[in-house]
Structure formats: structure tokens, C-alpha cells
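Contents: one structure, followed by commentary.
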Amino acid sequence: MILYNRPMRLFSQTFSINDAEQGSGQPAGRAAPAGSLTFREVYADYAAGTPLLPAARQALLTWLDALPGNPSSVHRRGRLARRGLNEARRELASCLGADASELYFTSGGTEALNWAARALAAHGRQSRKPLILCSAVEHQALRRPLEALADEGGCRLQLLPADRYGCLDLAAAANGLDDPETGAVCLMLVNNETGVIQPAGRLAALCRERGILFLGDAMQAAGKLALDLRRLEADYLVLGAHKFGGPVGTGVLYARQGSPLPPLLYGGPQEAARRAGTENVAMAAAMAAALRTRTDELVETEARLSLLDQRFCDGLRQLDGCRLLVPRQLRLPGYISVLLPRFDAETWLILLDRAGIEASAGSACAAGALEASPVYLAMGLPPEKARHVVRFSFGWTTTAEDIDYCLQVIGRTLAKAASRKDEL
Ligand SMILES: Cc1ncc(COP(=O)(O)O)c(C=O)c1O
């Protein structure tokens, strides 16, 4: 792969300053931090996308090479493809505590959330319960389709407030559940910008007691939190492979047996005639392999990331003016949102990138936009402060050296800024 005009090795690249000076691969336009720091590439954007796991790559390539394959064909290769698809669905279902018949393959989270939003609106119209409650910190992949449906008159939408850490205000949500017009409630399990773990289990149970449908966005939770749909009383759940080591462009909509699910695409009989079109066996198999790996390694990864998280947060606390937004006990380990002083987040991202560190600000989909993230605003951060928040999200390839390097780069950048040198 060629990026920055040079062969790219992701996630663990290091260069000594001397190597870089001799032109042995320092990326064009990137500056090694001055002094004795060794240039290093640190991928700190796991919330946006994760490296493809070896097991997922293996499954992807095996199926791509194996078949012209259409799972609807009756011949041997067709039957093989069908078997591959069924196995992938079963594997995913077993990771989630679901039945295979409850899983529908999609092109990713956005499609699955749009589909679920339409299902909720259709249910609201039929049951004369058109009100949909949705947290104020939901991803735009859900918020926008709900707003569009509301604009078309397909539902009414009410946002549920979050507290200063971005956690749903459960008491306000419970009040909304008592409105006789409430037909559905939506909440992400883990917030993509802060890593905050939402009280989805409790809210889903309250919904179940009242016969209200519950949609959970598990895009940031799958493969990172233990998910068991036998206990989580969600009617719909959404996941996407590129957040847990699978390829980008594939995801799953879970719809509990009996939950209304009008067809998304009309055509052939695929996906129980609800999403027509030839299924992508290779992507499904890769997604299943990735979720299996992450589920099996969940406890170990969480323990490792907790230590790295603590190391990073302890280091940030030593740096003047850095403010951590969310305490560790409220979020997944490895998602660290920090208000960095002196420069706005965009400038920080450029400075970090020049030093080899890939982080993010706001949600990746909104990157490039100058507005402060709606999530930070919903948390009550004034816009001028929200514009300073940088999100570091670490994962299974992150090492202690990566963390120390990030701290050193931030520390040096702040020190240089303080001494007003303009060589940043
Ligand atoms: C919480 C959440 N929901 C939905 C999405 C959209 O998913 P996709 O990128 O697969 O369309 C994302 C992606 O960042 C996300 O983090």
C-alpha cells in the first residue's frame, strides 16, 4: 500500500531520527519531534476504524479466492457459498447470544441504523405510538434518518438529555417512557466520541416492561463489551465489522424474533426477502472471524487497555492545562477524550499527525467540519472549549511505548508553545 508516497506499514512503525535524516522512509511532510525522540507511528483512532485482524484477513482471502460463488446457485460452489454464509451468521449469533435467523447482513452501521429507524417509524404509525425517544449523543447515522423520518411526518422525535459526562439521564428517559405515545427508544451502548458506557441494559428493560421497542447502537461496543442478547432486552441491535477488526463495508442488523422489520431492498429472496441482493460471503465470513477473535480475547484486551489507559491519563494529568473529560469508571478503557490547551483540535491533529500520531476530534464522519462536536455540546462544554477536545482511541495493537511517545509529543509541543518558538 502506498500512502504519503512511501510503502506503509501500519500500527508499529518506528524510525530513528538518524534513519529519517538519511531519507530511509520518514514520511514526506512529517517532522520528527526535535531532540532525542525516535519517530514512531502510533495509530490512536480505533473508534474510527480498526486494523484488520489476521483471522479476518484469512477468512476474507479464502472466500474471495475460493469462489465465483453465489449462495443462491444450486451447484456445488453455490452450496459451498451458502454454507459459508450460514456458518458466518451462526458464528456471529453465537458471539451475541442471538439466533442466526435474527441477524441480517448489511453494508455497515449506517445502513443498519437507517433500516432500524424505518422499522421503528413504521411500527409507530401502525400502533399509533409515533413518538421515538433518542439520546442527544447518538451518532448522526441514527439521528439523521430519524430527523428525516420526522420531517416527512413518519414519526415524532424527542431527544433525551445527557449529563456532563455524556451519560444518558435515565430519570428523564423514564419520564419519556410514560408518555402513552412513545413507541420506541434508541440508545448507543458506548459513545463513539467519549467511550462512555450508557445504561442501555436498564433502559432496554424499562422499555420491555412497557411494550416499547428498544434499538441499541452497538457499533462501539461489539467486541469490546460482553454482549448477550439473552440478557440485553434489545429488540434491535446494530454492529459494524470495521470497529472490531473486520473489513469496512459490512455490518449486521439484529432484529429480535417477532420485531417488526419491513423490507429494506426489494428483489430476490435474500436475507429473508428483506434485503435483496447477492450476499457477500467473504465479508460476512471475515466479520464473523473478527468478532469471534475479539470476543475470545475480550477480557485480556480489556485488562491490557486498562493499564495503558491509566498510563496515558496519569501522564496527561502531569501536563499543564490538559483536562480529561470522562473518568475511567464511566467509559471503556482506551477511549480518552482530552481537552488540550493552546491550539484548537484541528491544529493539534495536524501537529500530532506530523509526529506520526493518528488521533481524531469529534466523530470521524464530521472531521473537516469546523463546528464543535454536538456530543461535547450536549455534555455542556462551551463551544470554545469543545473545539479543543482531541480523542485518542487505542486498541489491541497499542503498546506502552506508543503511549509514552504520545505523551512525549504532547508534552514537547506544549513546552515549545509555551516558550513561543514558532517551529512547530
Ligand atoms: C456509534 C456509531 N454508530 C454508527 C456508526 C456508523 O457506522 P458505519 O461507519 O459502519 O456506517 C458509527 C461509526 O463511526 C459509530 O461509531
Side-chain angles (χ1 to χ4, degrees), residues 43-52 56 92 103-118 120 134-148 159-160 162 166-168 185-200 203 214-225 227 234 236-254 264 275 280 283-284 286-287 290-291 294 326 331-332 334-337 358-369 373-376 378-379 391-395:
Y43 184 72
D45 205 10
Y46 268 73
T50 53
L52 191 67
L92 287 160
L103 303 188
Y104 299 84
F105 290 117
T106 68
S107 65
T110 299
E111 180 189 319
L113 288 167
N114 272 258
W115 192 1
R118 284 195 211 178
L120 297 184
C134 151
S135 92
V137 292
E138 288 311 294
H139 195 277
Q140 57 186 350
L142 177 60
R143 175 110 171 238
R144 290 266 166 85
L146 288 174
E147 284 168 354
L159 296 185
L160 299 170
C167 282
L168 177 85
V185 174
C186 311
L187 181 64
M188 53 191 7
L189 276 67
V190 171
N191 185 271
N192 50 303
E193 296 190 37
T194 58
V196 158
I197 301 170
Q198 297 287 9
L203 189 58
F214 179 85
L215 161 62
D217 176 349
M219 286 294 294
Q220 298 290 341
K224 297 170 194 166
L225 266 186
L227 289 178
Y236 305 90
L237 200 79
V238 166
L239 34 148
H242 68 294
K243 307 293 188 187
F244 53 79
V248 70
T250 184
V252 164
L253 172 61
Y254 159 86
L264 177 70
R275 183 183 186 267
N280 193 331
M283 295 287 264
M287 172 161 54
L291 191 61
R294 296 287 14 114
V326 183
R331 57 176 173 78
L332 277 186
Y335 286 67
I336 296 132
S337 293
E358 291 164 320
S360 193
S363 67
C365 319
S373 147
V375 172
Y376 303 137
M379 291 163 63
R391 176 190 71 189
F392 295 84
S393 50
F394 300 110

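For this chain, numbers begin at 1 and follow the sequence in order. Whatever order the structure lists them in is the order used to number ligands and atoms, beginning at 1. Values below: all heavy atoms of this structure, side chains included; hydrogens, waters and symmetry mates excluded.
Contact annotation for H242 and ligand 1: only side-chain heavy atoms (C-beta onward) come within less than 4.0 Å of the ligand. With a 4.0 Å cut-off on non-hydrogen atoms, V248 does not touch ligand 1 at all. Residue contacts with ligand 1 for T110 involve both N, CA, C or O and side-chain atoms from C-beta outward (heavy atoms, distance under 4.0 Å).
Closest non-hydrogen pair, M287 versus P247, comes out as N-CD, 4.2 Å. Contact record, V190 with Q220: O-CB, 3.6 Å, taken as the closest heavy-atom pair. Residues F214 and A200 share a closest heavy-atom pair of CZ-O, 3.9 Å. Heavy atoms only, all atoms of each residue included: A222 and F244 are closest at O-CB, 3.7 Å.
Put simply, no part of E111 is less than 4.0 Å from ligand 1, judged by heavy atoms. Ligand 1 is never approached by G240 to a heavy-atom distance shorter than 4.0 Å.
For ligand 1, the atoms sitting less than 4.0 Å from at least one non-hydrogen atom of N192 are 1 (C), 16 (O), numbered in the order shown with element in parentheses. Atoms of ligand 1 found under 4.0 Å from any heavy atom of G108, numbered from 1 in the order shown, are 10 (O). In summary, the atoms of ligand 1 found under 4.0 Å from a heavy atom of D217, numbered by their order in the structure, are 1 (C), 2 (C), 3 (N), 4 (C). Of all atoms in ligand 1, listed by their number and element, those nearer than 4.0 Å to a heavy atom of M188 are 1 (C).
Taking any N or O of G109, backbone or side chain, at least one lies under 3.5 Å from an N or O belonging to ligand 1.
With hydrogens and angles left out, the side-chain atoms of K224 and Y335 include a donor and acceptor closer than 3.5 Å.
Here the OG1-CD distance, from T250 to E111, works out to 9.5 Å after rounding to the nearest 0.5 Å.
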Task: Audit row: L113, E138, side-chain contact (heavy atoms from CB on, under 4.5 Å) steps and yes/no - done: CA-CA 11 Å; L113 288 167; E138 288 311 294; over 6 Å; no
